[in-house]
Colleague: 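Dumping the structure here so I can ask a few things about it.
As the structure is a computational prediction, the values presented were derived from the model and not from experiment.
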Amino acid sequence: MRIARFSIDGNVAFGVVEGDRPDELVLDIIKGIPFADFELSGTKVPLSKVRLLPPVLPNKVVAFGRNYAEHARELGNEVPDAPFAFFKPSTSVIGSGDDIQYPSFSEELHHEAELAVVIGRLCREVPRERVADVIFGYTCANDVTARDVQRREKQWARAKGFDTSCPLGPWVETDLDLARASDLTIQLTVNGEQRQLGRTSEMIHPIEDLIVNISEAMTLLPGDVILTGTPAGVGPLTVGDEVAVTIEGIGTLTNKVVKRG
């Protein structure tokens, strides 16, 4: 099912997205939170009447870089032998429809379309054969990057962790199994023009390896997000651009770039 987090009349809730046509989608409000057994309230609201929020509020976002060979090469980087992780803070997370604020300290902002894995249970040292058991679902992500800052600074904290640099959404799809999630079309457009197109099967290190790798080092909590890398085709964003990440079987995450106020 598709589980969204939203606000309406000043209240925040989770809901199951029902319907197929974009103009007819409705939310059946969930009683409680979706990371445990839950019931549907039967109270339904049109999706068009709510504001979508980030589908989860992660304690941490663990991102893996250079996990598609062609992307690594297009930036002149070597393909890593082992998963290469970095962090984006929770304050970087925004939802579909929220603005990406162009940071004042950068002159070269780039888009990076990614499949995001949402963790569903507390876990540590997850064996490869149990990875599917700890996954709640999948969503779309954009690892927005201040590329000039990334080149200039040895640490990526500012380049990839600034406010609004981690759009997630529009919802979490929980019905994808691990095998299906490992071979999905992922694409990104800017103002309707396609910039990135790839498949999650092109990952150097698959989803299982990424979760095994990071859970060896730290505990993952329900709602934590794993970014799995971006295919080739990353490129610049400018103020006024509308950028959309679409992943097969999940949906489309759309954000506009604005000048930081």
Colleague: Where the side chain of Thr145 meets the backbone of Asp143, is there a donor-acceptor pair that is under 3.5 Å apart?
Modeller: yes
Colleague: Can you list everything that forms a ring pair (Phe, Tyr, Trp, His ring centres under 6.0 Å) with Tyr102? Sequence neighbours excluded, please.
Modeller: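 Partners of Tyr102 under the ring pair (Phe, Tyr, Trp, His ring centres under 6.0 Å) test: none.
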Colleague: Taking everything shown except Glu153 itself, do over 12 heavy atoms lie less than 6.0 Å from its CD?
Modeller: yes
Colleague: According to the interplanar angle, ranging from 0 to 90°, do the rings of Phe136 and Phe35 count as parallel (below 30°), tilted (30 to 60°) or perpendicular (above 60°)?
Modeller: tilted
Colleague: Under 3.5 Å, side chain of Thr174 to main-chain N/O of Met1, donor-acceptor pair present?
Modeller: yes
Colleague: For Glu78, does the CD atom sit with more than 12 other heavy atoms under 6.0 Å from it, leaving out its own atoms?
Modeller: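 At most 12 heavy atoms, drawn from other residues, nucleotides or ligands, come within 6.0 Å of this atom.
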Colleague: Keeping to residues at least two apart or across chains, list the salt bridge (charged side-chain N to carboxylate O under 4.0 Å, His left out) pairs with something in residues 225-237.
Modeller: none
Colleague: Is any side-chain heavy atom of Val93 less than 4.5 Å from a side-chain heavy atom of Val61?
Modeller: yes
Colleague: Taking all non-hydrogen atoms of both residues, which atom of Ile186 and which atom of Arg199 are closest, and how far apart?
Modeller: CG2-N, 4.1 Å
Colleague: Do you know the tightest heavy-atom contact between Asn191 and Gly240?
Modeller: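 It is OD1-O, 4.2 Å.
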Colleague: Salt bridge check: are Arg2 and Asp175 linked by an N-O gap of less than 4.0 Å?
Modeller: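 No, this pair does not count.
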Colleague: Return the set of residues passing salt bridge (Lys or Arg N to Asp or Glu O under 4.0 Å) with Glu125 (not counting sequence neighbours), or none when no residue passes.
Modeller: none
Colleague: Is it the case that the side chain of Glu112 and the backbone of Val144 share a donor-acceptor pair, with hydrogens and angles ignored and the cut-off at 3.5 Å?
Modeller: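 Looks like no, no N/O pair under 3.5 Å.
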Colleague: Applying salt bridge (charged side-chain N to carboxylate O under 4.0 Å, His left out), which residue pairs with at least one partner in residues 252-261 are found, sequence neighbours left out?
Modeller: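 Residue pairs passing salt bridge (charged side-chain N to carboxylate O under 4.0 Å, His left out), neighbours aside: none found.
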Colleague: Regarding Arg66 and His71, do their side chains bring together a donor and an acceptor under 3.5 Å, going by distance alone?
Modeller: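 Side chains of Arg66 and His71: no pair found under 3.5 Å.
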Colleague: Please give me the minimum heavy-atom distance between Lys154 and Trp156, naming the atom from each residue.
Modeller: O-CD1, 3.9 Å
Colleague: Tell me if a side-chain donor or acceptor on Thr164 pairs with a main-chain N or O of Gln101 at a distance below 3.5 Å.
Modeller: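 Yes, because the side chain of Thr164 sits within donor-acceptor range (under 3.5 Å) of the backbone of Gln101.
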Colleague: Write down the atom of Ile3, the atom of Trp171, and the distance for their closest heavy-atom approach.
Modeller: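 Taking every non-hydrogen atom into account, O-CB, 3.3 Å.
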Colleague: Side chain to side chain donor-acceptor pair (under 3.5 Å) with Glu108: which of Arg151, Arg147, Gln150?
Modeller: Arg151
Colleague: The criterion is salt bridge (Lys or Arg N to Asp or Glu O under 4.0 Å); which residues satisfy it with Asp28, sequence neighbours excluded?
Modeller: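 Asp28 satisfies salt bridge (Lys or Arg N to Asp or Glu O under 4.0 Å) with no residue once adjacent residues are dropped.
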Colleague: If every non-hydrogen atom of Gly161 is compared with every non-hydrogen atom of Pro89, which pair is closest and at what distance?
Modeller: O-CG, 3.3 Å
Colleague: Heavy atoms only: give me the nearest Pro170-Ala4 pair and the separation to one decimal.
Modeller: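 Smallest heavy-atom distance, with atoms named: O-CB, 4.4 Å.
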Colleague: Check the hydrophobic clustering (I, L, V, M, F, W, Y; side-chain heavy atoms under 4.5 Å; chains of links allowed) and say if Ile250 and Ile119 are grouped together.
Modeller: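 In one cluster: yes.
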Colleague: Within the side chain of Glu114, is there an N or O that forms a donor-acceptor pair under 3.5 Å with the backbone of Asn142?
Modeller: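 Not at all, since once roles are kept as given, no pair shorter than 3.5 Å links the two residues.
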Colleague: Taking Val17 as the starting point, is it possible to reach Val118 by hopping between hydrophobic residues whose side chains are less than 4.5 Å apart?
Modeller: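 Different clusters: Val118 never reaches Val17 through Ile, Leu, Val, Met, Phe, Trp or Tyr contacts under 4.5 Å.
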Colleague: Does Glu248 pair with Arg180 as a salt bridge, N-O distance under 4.0 Å?
Modeller: yes
Colleague: If you count heavy atoms of other groups shown closer than 6.0 angstrom to CZ of Arg152, is the number above 12?
Modeller: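 Above 12, so yes.
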Colleague: Are Arg158 and Phe105 in a cation-pi contact, defined as NZ or CZ under 6.0 Å from the six-membered ring centre and within 45° of the axis?
Modeller: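 Ring-cation test returns yes.
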Colleague: Would you compute the distance between atom CG of Asp209 and atom CE of Met203 and round it to the nearest 0.5 angstrom?
Modeller: 11.0 Å
Colleague: Output every pair passing side-chain hydrogen bond (donor to acceptor under 3.5 Å, both in side chains) with a member in residues 210-228, not counting sequence neighbours, ordered by first then second residue.
Modeller: Lys60-Asp224
Colleague: Mark yes or no for whether Asn67, through its side chain, and His205, through its backbone, hold a donor-acceptor pair below 3.5 Å.
Modeller: yes
Colleague: Applying side chain to side chain contact (heavy atoms under 4.5 Å, CB included) to Val16 and Leu27, what does each step give before you reach the verdict?
Modeller: CA-CA 5 Å; Val16 173; Leu27 288 158; over 6 Å; no
Colleague: What do the steps show when you test Val12 against Phe14 for side chain to side chain contact (heavy atoms under 4.5 Å, CB included), and what is the final call?
Modeller: CA-CA 7 Å; Val12 175; Phe14 288 94; over 6 Å; no
Colleague: Begin from the C-alpha positions of Ser182 and Ile207 and carry the test side chain to side chain contact (heavy atoms under 4.5 Å, CB included) through to its verdict.
Modeller: CA-CA 7 Å; Ser182 299; Ile207 295 167; 4.0 Å; yes
Colleague: What verdict does the side chain to side chain contact (heavy atoms under 4.5 Å, CB included) test give for Leu220 and Ile214, after you've listed the backbone C-alpha separation in whole Å, the side-chain angles of each residue and the deciding distance to 0.1 Å?
Modeller: CA-CA 8 Å; Leu220 300 176; Ile214 199 62; 4.1 Å; yes
Colleague: Determine whether Met218 and Ile135 fall in the same hydrophobic cluster, where Ile, Leu, Val, Met, Phe, Trp and Tyr are linked whenever their side-chain heavy atoms lie under 4.5 Å apart.
Modeller: yes
Colleague: Kindly indicate whether the side chain of Leu109, heavy atoms from C-beta on, has any atom under 4.5 Å from the side chain of Phe162.
Modeller: yes
Colleague: State the CG-CG distance between Leu227 and Leu115, to the nearest 0.5 angstrom.
Modeller: 9.0 Å
Colleague: Grouping I, L, V, M, F, W and Y whenever their side-chain heavy atoms are under 4.5 Å apart, do Ile247 and Val225 come out in a common cluster?
Modeller: no
Colleague: Would Val50 end up clustered with Leu25 when hydrophobic side chains under 4.5 Å apart are linked, directly or stepwise?
Modeller: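 Yes; tracing contacts between hydrophobic side chains, which count when under 4.5 Å, links both residues.
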Colleague: So Glu242 and Thr254, side-chain hydrogen bond (donor to acceptor under 3.5 Å, both in side chains) or not? Walk me through it.
Modeller: CA-CA 7 Å; Glu242 183 176 85; Thr254 304; 5.6 Å; no
Colleague: Within a radius of less than 6.0 Å around CG of Asp81, do more than 12 heavy atoms belonging to other residues, nucleotides or ligands occur?
Modeller: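 Check fails, neighbour count at 12 or below.
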Colleague: Check Asp98 with Arg51, please: is the shortest side-chain N to carboxylate O separation under 4.0 Å?
Modeller: yes
Colleague: Any heavy-atom pair between the side chains of Leu168 and Cys140 that's under 4.5 Å?
Modeller: no
Colleague: Classify the side-chain pair Ser41/Lys31 by whether it contains a donor and acceptor separated by less than 3.5 Å.
Modeller: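 Looking only at side-chain atoms, Lys31 and Ser41 do not form any donor-acceptor pair under 3.5 Å.
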